[in-house]
Amino acid sequence: MKRIAFVFSQAPHGSAAGREGLDALLATSALSDEIGVFFLSDGVLQLLPDQQPQKILARDYIATFGVLELYDIDQCWICSASMRERGLEPGRPLVMDAAPLEPDALRARLDEYDVIFTF
């Protein structure tokens, strides 16, 4: 079976990319056990708790990332450099566990996957 990576690189609000990526990720989890999830660039903002999307008339889906473990999706990484660039401290609480990796290590890990979907 092919290994499938989902890369979240866009901010959670302002487009539907994050929500659509999450829907695709959950649907794919029924078909594959070899899934990796990567958060980089503005995609690291997808994992911040206590967001209030209703204030900008957006849908709240961020907490749904927290249930990925229930779908046996436990290979998740977040770009340390992207976090620093956005003023997010290491060890900051996130809605789910994601292992921090520097960009070179993140790219190396991403190279292990056969198919890459970017949202």
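Across every non-hydrogen atom of Met96 and Cys76, the tightest pair is CE-SG, 3.1 Å. Minimum heavy-atom separation, Trp77 to Ala98: C-CB, 4.1 Å. Looking at every heavy atom in both residues, Leu101 comes nearest to Arg109 through CD1-CB, 4.3 Å. Residues Pro93 and Pro49 come closest through the heavy atom pair O-CD, 3.3 Å. Residues Asp114 and Met1 share a closest heavy-atom pair of OD2-O, 4.5 Å.
In the hydrophobic clustering of this structure, Leu70 groups with Leu94; members are Ile, Leu, Val, Met, Phe, Trp, Tyr whose side-chain heavy atoms approach within less than 4.5 Å, directly or through other members. Linking ILVMFWY residues whenever their side-chain heavy atoms come closer than 4.5 Å, directly or via other members, leaves Val7 and Val44 in distinct clusters. No continuous path of ILVMFWY side-chain contacts below 4.5 Å connects Ile116 to Ile4, so the two sit in separate hydrophobic clusters. A chain of hydrophobic side-chain contacts below 4.5 Å, direct or via other Ile, Leu, Val, Met, Phe, Trp or Tyr residues, connects Val37 to Leu22. Both Val95 and Phe119 are part of a single hydrophobic cluster, where members link through side-chain heavy atoms under 4.5 Å apart.
Classification of the Phe38-Tyr113 ring pair by plane angle, with boundaries at 30° and 60°, yields perpendicular. Between Phe39 and Phe8, the ring planes lie parallel to each other; the angle is under 30°, not in the 30° to 60° tilted range.
Under a cut-off of 6.0 angstrom, the local environment of CG in Asp111 is crowded, with over 12 non-hydrogen atoms contributed by other residues, nucleotides or ligands.
With Asp74 contributing its side chain and Glu69 its backbone, the two residues share no donor-acceptor pair below 3.5 Å. Put simply, the side chain of Gln46 gets close to the backbone of Gln10: a donor and an acceptor are under 3.5 Å apart. Judged by distance alone, with hydrogens and angles left aside, the side-chain atoms of Ser82 form no donor-acceptor pair with the main-chain N or O of Leu40 at under 3.5 Å. Under a 3.5 Å cut-off, the side chain of Ser32 and the backbone N or O of Thr28 do not form any donor-acceptor pair.
In this structure, OG1 in Thr118 is found 8.0 Å from CG in Leu110, a value given to the nearest 0.5 Å. Separating the CG atom in Leu68 from the CD1 atom in Ile35 is a distance of 9.0 Å, to the nearest 0.5 Å.
Ion pairing between Glu102 and Arg107 fails under the 4.0 Å rule for side-chain N and carboxylate O.
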